[in-house]
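The structure appears below as structure tokens.
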Amino acid sequence: MEVCCQLPVLPLDRPVPQHVLSRRGAISFSSSSALFGCPNPRQLSQRRGAISYDSSDQTALYIRMLANSEIEVSVSARNVRRLLSFQRYLRSSRFFRGITVSNSSNILDDDYNGQAKCMLEKVGNWNFDIFLFDRLTNGNSLVSLTFHLFNLHGLIEHFQLDTMKLRRFLVMVQEDYHSQNPYHNAVHAADVTQAMHCYLKEPKLSKSLTPWDILLSLIAAATHDLDHPGVNQPFLIKTNHYLATLYKNTSVLENHHWRSAVGLLRESGLFAHMSLENRQLMESQIGDLILATDISQQNEYLSMFRSHLDRGDLCLEDANHRHFILQMALKCADICNPCRTWELSKQWSEKVTEEFFHQGDIEKKYHLGVSPLCDRQTETIANIQIGFMTFLVEPLFAEWARFSNTRLSQTMLGHLGLNKASWKGAQREQSSGGGDADAAFGEMDSDILPQEPRLS
Ligand SMILES: [Zn+2]
């Protein structure tokens, strides 16, 4: 983080002055900072860090230690807690209490077991079982899979990446996902990254893609739900969460995932050897990709996609058009669960419902009004899945198949049809109960509802 040598030191026990926040940048702090109040000079030299901030991002300050030491610190944990978000705080609080966080350095080598290695040889298969891969890699599916894909696509060589920095970046990404979330965790991110890889290989796209496009796509896929709190945007808004205020109730989570990804990219120094201009371009294009995953904006993206396909004017030699298609590809990757085999798809359905119902339980407990799809008393997995498939997944994948009419597209649509039929069967069996999931999807975005999926 080269900014540290250029910027003034600001003790962390003092609020950041308004004039400082009015510009973009970073503040460095040294070991003499009041935050760490450490008496031992030998240890002092080991403590340096930085806060980066953004003028539009005043409450989301990112703190990073440049060098850690193993000694105990006398820390004002409260000062830090205010500045950290979700996962970062949980980890730091363990640190402050002296509890060792599981050491991730054990995955800093290529020593996956043979079976996981074997699986990676088929990483481009649509049947890839990410749950099994996660077990075989001891919970490190996101790191292992993404590193492998960087290698496979020749990105390490092309961009002259330091493999240790790449590993470190990926470990930080994986750790910033909340493993306690039933659905929005690192395994979902790994699954989306694997799906993205499958789409990047599609002939229509692959022949036009540049290494830069592939790099951004894989990073965006791996980070697209970073630090997800396991609740949705309406929950954050009604509980007056600071992120809702910060991002003005618009794409709150997606903005947070993007800014978190940027924080980790900068901290890792993975692209420190690139020009500032390229790094800024990368950050902004990753943002465009991640922001496209906001499901409430699906109708806008879908209309644009449909118009391009109707006019037949997509020109993949044009970087802007390619970028748009990558946004659509990431959107597909993000909601492709119902297009996987039944065995995989069913597991995802159970996990996402568990997360919804958990939110509903909290809303009930605190009398916040239960959000659509979140009431375990009135909803069923089958109802939720059928609504999800009908109003969100089918329309998107029907257009994707118009764009890239390959065996993969047909396979995905085939699974989608079969899975929907299975859930309809389950729905009939449970016909005595069940809420109105269709109406709930309507509440999410009424613009999406009236459009019948076009499967041809
Ligand atoms: Zn996602």
Side-chain angles (χ1 to χ4, degrees), residues 85-87 128 130-131 133-134 141-143 145-146 149 170 173-200 216-236 243 247 251-262 264 286-298 301-302 326-340 344-345 347-356 358-359 373-374 384-385 388-389 391-393 396-397 400 412 441 444-445 448:
S85 65
F86 309 128
Q87 186 78 340
F128 191 86
I130 196 69
F131 299 112
F133 185 70
D134 195 59
S141 53
L142 184 57
V143 174
L145 184 123
T146 314
L149 292 178
L170 295 175
V173 168
Q174 185 174 273
E175 289 189 344
D176 267 9
Y177 280 95
H178 302 202
S179 56
Q180 70 272 29
N181 287 349
Y183 183 83
H184 287 105
N185 52 44
V187 187
H188 165 63
D191 182 55
V192 171
T193 308
Q194 191 271 337
M196 194 66 182
H197 166 64
C198 294
Y199 301 150
L200 297 177
L216 298 188
S217 301
L218 294 180
I219 294 177
T223 60
H224 84 281
D225 273 330
L226 204 54
D227 205 27
H228 196 295
V231 289
N232 61 16
Q233 172 172 299
F235 184 94
L236 296 179
L243 286 176
Y247 297 116
S251 297
V252 174
L253 286 166
E254 293 74 19
N255 270 302
H256 180 60
H257 305 320
W258 169 38
R259 298 311 303 174
S260 302
V262 166
L264 294 188
I286 288 173
D288 291 339
L289 289 168
I290 294 179
L291 290 173
T293 63
D294 181 352
I295 203 78
S296 71
Q297 305 287 315
Q298 165 137 327
Y301 284 93
L302 205 50
L326 292 175
Q327 288 178 312
M328 297 312 297
L330 184 57
K331 287 178 64 55
C332 287
D334 194 24
I335 62 168
C336 74
N337 296 159
C339 303
R340 300 281 194 176
L344 297 173
S345 180
Q347 293 183 65
W348 288 121
S349 306
E350 289 163 352
K351 286 172 191 300
V352 80
T353 310
E354 194 185 333
E355 196 166 299
F356 287 169
H358 182 248
Q359 177 180 323
L373 313 177
C374 294
I384 293 171
Q385 283 303 308
F388 176 52
M389 291 176 177
F391 300 118
L392 297 173
V393 185
L396 179 62
F397 281 84
W400 182 261
M412 292 194 296
F441 279 100
M444 272 171 67
D445 186 349
I448 294 171

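Hydrogens, waters and symmetry mates play no part in the numbers below; they use all other heavy atoms, side chains included. Both counts, for ligands and for their atoms, begin at 1 and track the order of listing.
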Any N/O/S atom, side chain or main chain, of H188 closer to the Zn ion (ligand 1) than 2.8 Å?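 For H188, the answer is yes, given that an N, O or S atom comes within less than 2.8 Å of the Zn ion (ligand 1).
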Quick check: does H184 have an N/O/S atom under 2.8 Å of the Zn ion (ligand 1)?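 No N, O or S atom of H184 is closer than 2.8 Å to the Zn ion (ligand 1), so no.
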Whether the side chain of H184 engages the backbone of G230 through a donor-acceptor N/O pair (distance < 3.5 Å, no angle test) should be reported.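 No, because the side chain of H184 does not come within donor-acceptor range (under 3.5 Å) of the backbone of G230.
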Treating E355 as the side-chain partner and Y183 as the backbone partner, does any N or O pair qualify as donor plus acceptor under 3.5 Å?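 It does hold such a pair.
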Does any donor atom in the side chain of N185 or H228 lie under 3.5 Å from an acceptor atom in the other side chain?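 Judged by distance alone, the side chains do not pair up.
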Could you give the distance from NZ (K331) to CG (L392), rounded to the nearest 0.5 Å?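 Going from NZ on K331 over to CG on L392, the span is 8.5 Å.
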Three-point angle D225:OD2, the Zn ion (ligand 1), H224:NE2, rounded to the nearest 10°: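 My answer is 90°, to the nearest 10°.
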Atom name, D334 (N, O or S, nearest to the Zn ion (ligand 1)):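 For D334, the N, O or S atom at the smallest distance from the Zn ion (ligand 1) is OD1.
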